[in-house]
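The block underneath contains the structure these notes are about, expressed in structure tokens.
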Number of protein chains: 2
Amino acid sequence: MSANSRLTIAAHTLTWIGLYQRRGHEVATSEQIATSVNTNPVVIRRLLGDLRKAGLAGSRRGAGAGWMLVRDLAAITLLDVYQAIEPGPVFALHRATPNPECVVGHGIGPAMTAVYDDVEAALRRELAKTTLEDVLRDVLKAA
Amino acid sequence: MSANSRLTIAAHTLTWIGLYQRRGHEVATSEQIATSVNTNPVVIRRLLGDLRKAGLAGSRRGAGAGWMLVRDLAAITLLDVYQAIEPGPVFALHRATPNPECVVGHGIGPAMTAVYDDVEAALRRELAKTTLEDVLRDVLKAA
DNA sequence: TAGGGTTGTAATAGCTATGGTTACGACTAA
DNA sequence: TTAGTCGTAACCATAGCTATTACAACCCTA
């Protein structure tokens, strides 16, 4: 499984903006966030672009530009973030259609789809349990 | 998320062998399985190699060679298969260590790890609910 | 109105995982 | 001895993610 860190980076980014705003700042720049995440600002901007499409983040251009939250941390679950940045499923069926003249080849697709649907549902239920407010609390507790 | 079809192919392969054996044959060849899956025999042999390491499949060499199940279909869950072929986690932390001098950069790792552990546990619970016997039943029902 | 800082996005490159293919030695029943 | 299959290495193609450079678009401020 090619594990990816997009959810981690997205949660980090939104949590950072949330904390920064609570400390009195209006907007955060991709440069500042990238310094905390330890990556390139463009990576952050691209990710925030997806989060903006999902209505989780907003941006301001020109001088004094930057990013802000659209919803409060407590109103954003990790499921919201996940759905904003991960379009595809965790498991895939066959790349090439299996032999339809074989009993197994013919019936395995629907059988596995049913299982995968349940697995994805369980994964989403679990992600929905945690809000970014919870994440921030854990983060501050560790300090 | 780069969805992969390894679990699908593995379940297909083991189910195929199980059905083939119930029809009176001792072993199945990677060639036969590959025809049903619609892929190359080497792909099947590589996958079965992993499944053998996990004690789910066995092989016989020489003339009249081929693959057989070590356990009955009813004694193999999709979790067993998943663990045999997927070493890594679904979600990853940062590729590069985040800035430890930032509160968020310092605490985000443990916070997300706790969530990811719960998600993986839920995923495993879900996969453990289905045996290959269940899969075969679904497959035959669809015919 | 000019300057400067930041967004928004395209283009490119590197890395890793996966899948497909060819090749060939190892093995063993017949 | 032969034939059929495993076991595995080698190589290539594809896809997704990350990193980086570059630059136009934007808009506040002086």
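Naming: A, B, ... by sequence-line order, numbering from 1 per chain.
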To the nearest Å, give me how far apart CZ (R95(B)) and P (dT20(D)) are.
11 Å

Closer than 4.0 angstrom, basic N to acidic O: yes or no for E133(A) and R22(A)?
yes

Roughly, in whole Å, what's the span from CD in E31(A) to C1' in dG4(C)?
15 Å

Return the value, rounded to whole Å, for the distance between atom CG of N4(A) and atom P of dA15(D).
18 Å

How far does CG of D117(B) sit from CE of M112(B), to the nearest 0.5 angstrom?
11.0 Å

Quick check: on DNA chain D, is the nucleotide nearest I9(A) upstream (toward 5') of the one nearest G49(B), or the reverse? Name the residue that is more 5'.
G49(B)

Distance test, side-chain N/O of S5(A) to OP1/OP2 of dC17(D), below 4.0 Å:
no

E86(B) CD to dT16(C) P, straight-line distance once rounded to whole Å
18 Å

Are L51(A) and L19(A) in one and the same hydrophobic cluster, where Ile, Leu, Val, Met, Phe, Trp and Tyr link if side-chain heavy atoms are under 4.5 Å apart?
yes

Toward the 5' end of DNA chain C, which comes first, R61(B) or P41(B), by nearest nucleotide?
P41(B)

May I ask you to verify if any side-chain N or O of S30(A) is less than 4.0 angstrom from the OP1 or OP2 atom of dT7(C)?
yes

Look at the aromatic rings of Y20(A) and H25(A) and report parallel, tilted or perpendicular, splitting at 30° and 60°.
parallel

Length of the line joining L47(A):CG and dT7(C):P, which is rounded to integer Å
14 Å

Send over the distance from R46(B) CZ to dT5(D) P, rounded to a whole Å.
19 Å

What is the distance, to the nearest angstrom, from the CG atom on N40(B) to the C1' atom on dC12(D)?
13 Å

Shortest side-chain distance from T29(A), nucleotide among dT7(C), dG20(C), dA19(D):
dT7(C)

Pick base, sugar-phosphate or nothing for A63(A), based on heavy-atom distances below 4.0 Å to the nucleic acid.
base

Side chain of R52(B) (C-beta onward), nearest among dT7(C), dT5(D), dG7(D)
dG7(D)

Side-chain N or O of S59(A) versus OP1/OP2 of dG8(C): is the shortest distance under 4.0 Å?
yes

Among dT18(C), dC17(D), dC6(D), which nucleotide has an atom closest to any side-chain atom of A65(B)?
dC6(D)

In terms of side-chain heavy atoms of V42(B), which of dC6(D), dT9(C), dT8(D) is nearest?
dT8(D)

Quick one: label G66(A) by what it contacts on the DNA or RNA (base, sugar-phosphate, nothing), any heavy atom closer than 4.0 Å.
sugar-phosphate

Indicate yes or no: does R45(A) engage D50(A) in a salt bridge with an N to O separation below 4.0 Å.
no

OP1 or OP2 of dA19(D) versus the side-chain N and O atoms of T39(A): is any pair under 4.0 Å?
yes

Of the listed dG20(C), dA19(D), dT7(C), the closest approach to the W67(A) side chain comes from dT7(C)

For T8(A) and Y116(B), does a side-chain donor sit closer than 3.5 Å to a side-chain acceptor?
yes

Give the nucleotide from the list dC17(D), dT9(C), dG20(C) with an atom nearest to the side chain of R45(A).
dT9(C)

Nearest whole Å is fine: how far is dT9(C) C1' from L48(A) CG?
14 Å

